[in-house]
2 protein chains.
Amino acid sequence: MPARKISDSTVRRLSHYLRILEVLEADGRTTVSSDDLAERGGMTPAQVRKDLSHFGSFGKRGLGYPVPVLRGRIADILGLGREWSVCLVGAGRLGAALYQYDGFRRQGFRFVAVFDNDPAKIGRRWGAVTIDDVADVARVAREREVEIGIVVTPAEGAQEAADRLAEAGVEAILNFAPRKLSVPPEVALRDVNLVIELEGLSFAVTHRGKILASR
Amino acid sequence: MPARKISDSTVRRLSHYLRILEVLEADGRTTVSSDDLAERGGMTPAQVRKDLSHFGSFGKRGLGYPVPVLRGRIADILGLGREWSVCLVGAGRLGAALYQYDGFRRQGFRFVAVFDNDPAKIGRRWGAVTIDDVADVARVAREREVEIGIVVTPAEGAQEAADRLAEAGVEAILNFAPRKLSVPPEVALRDVNLVIELEGLSFAVTHRGKILASR
DNA sequence: TATTGTGAAAGGGTTCACAGCG
DNA sequence: CGCTGTGAACCCTTTCACAATA
């Protein structure tokens, strides 16, 4: 559908719109204007309209956008009209938190495999899933048709995890390890680096007000 | 020091440079070129030089940048030349994972308070810290001079958590709750939304190759 | 009349290319 | 000679402003 490359920021905002629309729909709202959406999401109305216009014309002039229709369309655009098979490489505390995180389930992301390299963990069960050996990622992930892998290992094991996920034919990797991963071009990659987020705040606080004060 | 507003992307890359320089320094490397830094960080050499040039001239032409000096300067620029007092609002699984995360400690972020609204958790100890009632955030965070608050509550409690943190004089908030928070302008805010990251990958995989195929 | 959809303008980050310098 | 530092060019995203229209 999109005729041109869609920017990352636009995709992120689509997720935000979806979240807002879910609430509006639960409240029984039938229409919403770009002004209202922008207000609730902390963006500008023009941005909302421009973002949506990349995918079609969903609104009615003078009226706004139909809430349930738009919610459904954005979910489809984001690829949420189906379930996704996800695996976790790293069964530490962060992995456990993600595994149990309800927000993933709610959008159709299902964990079908969990891996770790700790012999004490391998063989243990997390709900319906048994923890497998990291050494078996390539085989098991392929068998279970994993589409998205989440890397939650320490920095050291992350590249190997990514290599094996790629080998298994996984289509996307979400990386929480604090290092740059190299993946084949056909694998989509996103990084979440928690330390970098805190450092960003540390920077902001440290330089608060100094920006104009310095000249 | 920065004469002009520094972009968010530049600040993020500074964190990346720091991570790389820490490794280089541990390896005993004394100098590094912008080419090398860029290569390791997945950026372009021009970007490395431009980023650094906002804060001064740290390199020697013909030689490159002195590793230990640059590492120290970037750490200072990011505000990491000191310890930061951090608190956690929400003592769930994700909160626990962050609390124990070694990467935070290593950069000088110290947890001095943890809050929850679950009576079963209040009063329990996490290492040296006793879990306090969310109702006491404003008082306790002020007493312990918390500078950065991390919100890891469900969406419902997040705005209240943010309000109380702001009331306590906290300077920055890192928000993991999946909703937009309103904070006073003097409070720095960053959002980490895990569902949005997965949805971004879902979008990428769903539209893989369709970008040019559609016209 | 209210609000969308969208070209055009503005803004801001990235890349280029080269002068400057160790 | 090699590599930095940086103004200028480029490119992409955001904002503006208004014609189109339910």
Side-chain angles (χ1 to χ4, degrees), chain A residues 1-17 20-21 24 29-67 69-71 73-74 77 200 203 211-212 215, chain B residues 1-17 20-21 24 29-67 69-71 73-74 77 200 203 211-212 215:
Chain A
M1 186 72 190
R4 215 17 239 141
K5 173 80 168 52
I6 301 301
S7 81
D8 211 69
S9 356
T10 293
V11 177
R12 294 187 118 80
R13 282 193 298 271
L14 287 180
S15 285
H16 278 121
Y17 303 148
I20 295 166
L21 289 163
L24 289 174
R29 279 279 298 273
T30 56
T31 61
V32 65
S33 66
S34 57
D35 268 62
D36 195 356
L37 258 182
E39 169 70 27
R40 291 168 190 264
M43 308 104 173
T44 67
Q47 198 159 48
V48 171
R49 298 198 297 275
K50 183 67 94 183
D51 285 340
L52 297 178
S53 76
H54 291 126
F55 301 93
S57 301
F58 309 119
K60 286 203 192 332
R61 295 169 198 242
L63 249 178
Y65 300 89
V67 170
V69 174
L70 185 59
R71 199 223 69 238
R73 284 297 292 120
I74 293 180
I77 290 165
F203 176 89
I211 303 308
L212 287 180
R215 55 160 65 199
Chain B
M1 187 73 190
R4 222 6 245 144
K5 174 76 167 52
I6 302 300
S7 81
D8 212 68
S9 356
T10 293
V11 176
R12 293 186 120 81
R13 283 193 298 269
L14 287 179
S15 286
H16 279 121
Y17 303 148
I20 295 165
L21 289 163
L24 289 174
R29 278 281 297 274
T30 55
T31 60
V32 66
S33 66
S34 57
D35 269 61
D36 194 357
L37 259 182
E39 170 69 28
R40 291 166 189 265
M43 310 101 173
T44 68
Q47 197 160 51
V48 171
R49 297 198 297 274
K50 182 68 94 184
D51 284 340
L52 297 178
S53 76
H54 291 126
F55 302 94
S57 301
F58 309 120
K60 287 205 193 328
R61 293 167 200 243
L63 251 178
Y65 301 90
V67 170
V69 174
L70 185 59
R71 197 224 70 237
R73 284 297 293 118
I74 294 182
I77 290 165
F203 176 89
I211 302 309
L212 287 181
R215 59 157 64 197

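Numbered from 1 within each chain, the chains take letters A, B, ... in sequence-line order.
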(message) I want to verify a distance call: between dT3(C), dC18(C), dC18(D), whose nearest atom is closest to the S33(A) side chain?
(response) dT3(C)
(message) Please give me the minimum heavy-atom distance between Y17(A) and L52(A), naming the atom from each residue.
(response) CD1-CD2, 4.3 Å
(message) Contact between R29(B) and D36(B) at the side-chain level, heavy atoms closer than 4.5 Å - yes or no?
(response) yes
(request) Answer whether the closest heavy-atom distance between the side chains of V32(A) and I20(A) falls below 4.5 Å. (result) no
How long is the line joining [atom1] of [X] and [atom2] of [N], in whole Å?
X      : N       : atom1 : atom2 : result
L37(B) : dG2(D)  : CG    : C1'   : 16 Å
D51(A) : dT6(C)  : CG    : P     : 13 Å
R49(A) : dG7(C)  : CZ    : C1'   : 13 Å
F58(A) : dA22(D) : CZ    : P     : 17 Å
L63(A) : dA20(D) : CG    : C1'   : 15 Å
L70(A) : dT4(C)  : CG    : C1'   : 13 Å
D36(A) : dA2(C)  : CG    : C1'   : 14 Å
L52(B) : dT6(D)  : CG    : C1'   : 13 Å

Give each protein N/O atom lying under 3.5 Å from an N/O atom of nucleotides 9-11 of chain C, with the pair distance.
none

(request) Would you mind telling me which residue lines up with the more 5' stretch of DNA chain C, R13(B) or G62(A), judged by nearest nucleotide? (result) G62(A)
With a 4.0 Å cutoff (strictly under), does any side-chain N or O of [X] reach OP1 or OP2 of [N]?
X      : N       : result
T44(B) : dT15(C) : yes
S34(B) : dT4(D)  : yes
S57(A) : dT4(C)  : no
Q47(A) : dT13(D) : no
Y65(B) : dG5(D)  : yes

(request) Answer yes or no: side-chain N or O of R61(A) and base N or O of dA20(D) forming a donor-acceptor pair under 3.5 Å. (result) yes
Under 3.5 Å, N/O pairs linking protein and nucleotides 8-12 of chain D:
none

